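Notes for the one structure printed next.
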2 protein chains.
Amino acid sequence: MALPGTEQVLAEGRPLRRDAARHREQLLDAAAKVFATQGLSASVEEIARVAGVGMGTLYRRFPNKEALVDELVRQQLSDFIEAATAAAQLPGGVGLEVFLWRVGELLAARCGCFARLWTGANTERLVEEARLRIHQLLADSQRHGRIRPDAVVSDISLVIWSLMGVISTAQTAAPQAWRRALELLLLALRSSEVPLLELAPTPQEMSEIIQQKA
Amino acid sequence: MALPGTEQVLAEGRPLRRDAARHREQLLDAAAKVFATQGLSASVEEIARVAGVGMGTLYRRFPNKEALVDELVRQQLSDFIEAATAAAQLPGGVGLEVFLWRVGELLAARCGCFARLWTGANTERLVEEARLRIHQLLADSQRHGRIRPDAVVSDISLVIWSLMGVISTAQTAAPQAWRRALELLLLALRSSEVPLLELAPTPQEMSEIIQQKA
DNA sequence: CCATAAGCGGAAACATCACTCCGCTTAGGC
DNA sequence: GCCTAAGCGGAGTGATGTTTCCGCTTATGG
């Protein structure tokens, strides 16, 4: 018999028992909710309680708290990529703008894991793919003259980080605030009469941001 | 004789002994540095170590960890007010813009306490005064035609929250990133050709944000 | 100088979590 | 239906961090 505890990933091999799979989803949902309201320092006991399962169940599905957070982060990054893919289908170069509005909604809906969004484990591939998709969206929108030609991919990161700042401060009391902030930021990204003087983060800096661990 | 422990605030009555006052400053400096690098969850022991004092000293000067954070928050809010006051002297309606550049620098220099900036204890007066000063700066800049007439005070809050988001994500790897973000945001606040459609946070929402406790 | 209250350090007490362990329960193949 | 591996709950354990306590030290007014 294999050592207990080594087979708990559902990735390789046999599927989870039906109830176990359901509990896994309940735990992820509960974690998203609890982290969103109490921050990442919320206790795992609270998460298990909200999910309606015991601690043993939580730790059978996820090796530790960090892995639970990482999974939420991967979900959110996947959502971003999906949104970017859908937006890329739109004509007229509006894809980037539509994408950013969707990103705002996704961030607002799952605002618990901001601190780990760029630095979770095993997210390098996802972040890289997101970057690539954003690059394409940006190029398309610039080709159509909707976004200023001197905007670069890391400017879009700045927009997303800005939204994170607004959402993490204001979300509970002013859930619409990020929309106004995004409207302002898009206005700036469109108007190309005034040249930008400050330097955007370089690719080197961006990769350092992604690699930095908590 | 008074109960021990009731007199430790320096507010009412006798001044602190010279060495005690110095230790208090050392503790605040150490706390700012440690929180900036390790976040608010850094241990009190680490702060005492960096300050070069024992735990007893820390707890004689501050009733608990939270009070230490609150004092740092009050310092930063005071810095904002001071910056606003200085900027208000400038001619030509440039005060608001100068103020925001200064706010960026202040935020970047003391980036440890963002989570508590608006919600620390006993900060209501300071936040209210800051709001008032910003209101005056905004009105002045609008009178001179430098800022779009439909901008409101809570838009400036949005700018500050956005900077906080950029700084807390990128500060270590890309310490200049917030400048580019501010440049974009100011661009949007200046260009008044396109009207803003989304609603800025209302005064009610703003006061809820300030009142929400961790 | 001396007296003394204020201040100090750091060990111990206490609280909070993350994580483990184990006896009991149950889904699901036969 | 029955068997059994997979799953479950939740008390227990250890690590980490905050706060208190107390015997020793020192600034400072007279």
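Numbers restart at 1 for each chain; the letters A, B, ... are given by sequence-line order, proteins then strands. For clarity, every value in this text was computed on a predicted model and none was experimentally measured.
- One atom, CG of A:Leu40, and another, P of C:dA18, lie 11 Å apart when rounded to the nearest Å.
- Residue B:Arg60 places no side-chain N or O under 4.0 Å from the OP1 or OP2 atom of D:dT20.
- Each of B:Gly56 and B:Arg18 was assigned the nucleotide of DNA chain D with the nearest heavy atom; the assignment lying further toward the 5' end belongs to B:Gly56.
- Across residues 41-52 of chain B, B:Ala42, B:Ser43, B:Val44, B:Glu45 each have a non-hydrogen atom less than 4.0 Å from an atom of DNA chain D (numbered order).
- The pair A:Arg22-A:Glu25 does not meet the salt-bridge criterion, since no charged nitrogen lies less than 4.0 angstrom from a carboxylate oxygen.
- Summarising the geometry, the separation between CG on A:Leu16 and P on C:dG28 is reported as 11 Å, rounded to the nearest angstrom.
- The shortest side-chain heavy-atom distance between B:Met164 and B:Leu117 falls under the 4.5 Å cut-off.
- Whole-Å rounding puts the B:Gln26 CD to C:dG7 P distance at 15 Å.
- Using a 4.0 Å cut-off between charged side-chain N and carboxylate O, B:Arg125 and B:Glu128 make no salt bridge.
- A:Leu58 places its CG atom 11 Å from the P atom of C:dT20, with the value rounded to the nearest Å.
- Looking at the side chain of B:Asp19, the nearest of the listed nucleotides C:dC8, D:dC8, C:dC19 is C:dC8.
- Residues A:Trp178 and A:Leu107 fail the side-chain proximity criterion, which asks for heavy atoms closer than 4.5 Å.
- A salt bridge links B:Arg49 to B:Glu46: one of the charged nitrogens lies within less than 4.0 Å of a carboxylate oxygen.
- Rounded to whole angstrom, the span from the CZ atom of B:Arg17 across to the P atom of D:dT25 amounts to 14 Å.
- Residue A:Arg24 contributes atom CZ, which lies 16 Å from atom C1' of D:dA6 at whole-angstrom precision.
- Taking atom CD on A:Glu66 and atom C1' on C:dC19, their separation rounds to 14 Å, with Å as the unit.
- Dense packing is recorded around CD of B:Glu105, with more than 12 heavy atoms of other residues, nucleotides or ligands lying under 6.0 Å away.
- Between C:dG7 and B:His23, no contact under 4.0 Å exists linking OP1 or OP2 to a side-chain N or O.
- Place B:Met55 and A:Ala20 on DNA chain D by their nearest nucleotides, and A:Ala20 ends up nearer the 5' end.
- Residues B:Arg24 and B:Phe62 form a side-chain contact, since some pair of their non-hydrogen atoms from C-beta on lies under 4.5 Å apart.
- The shortest distance between the side-chain N/O atoms of A:Tyr59 and the OP1/OP2 oxygens of C:dC19 is below 4.0 Å.
- Side-chain proximity of A:Lys65 to the nucleotides D:dG7, C:dA18, C:dA5 is greatest for C:dA18.
- Distance from the side chain of A:Thr57 is smallest to D:dC8 among D:dC8, C:dC8, D:dT20.
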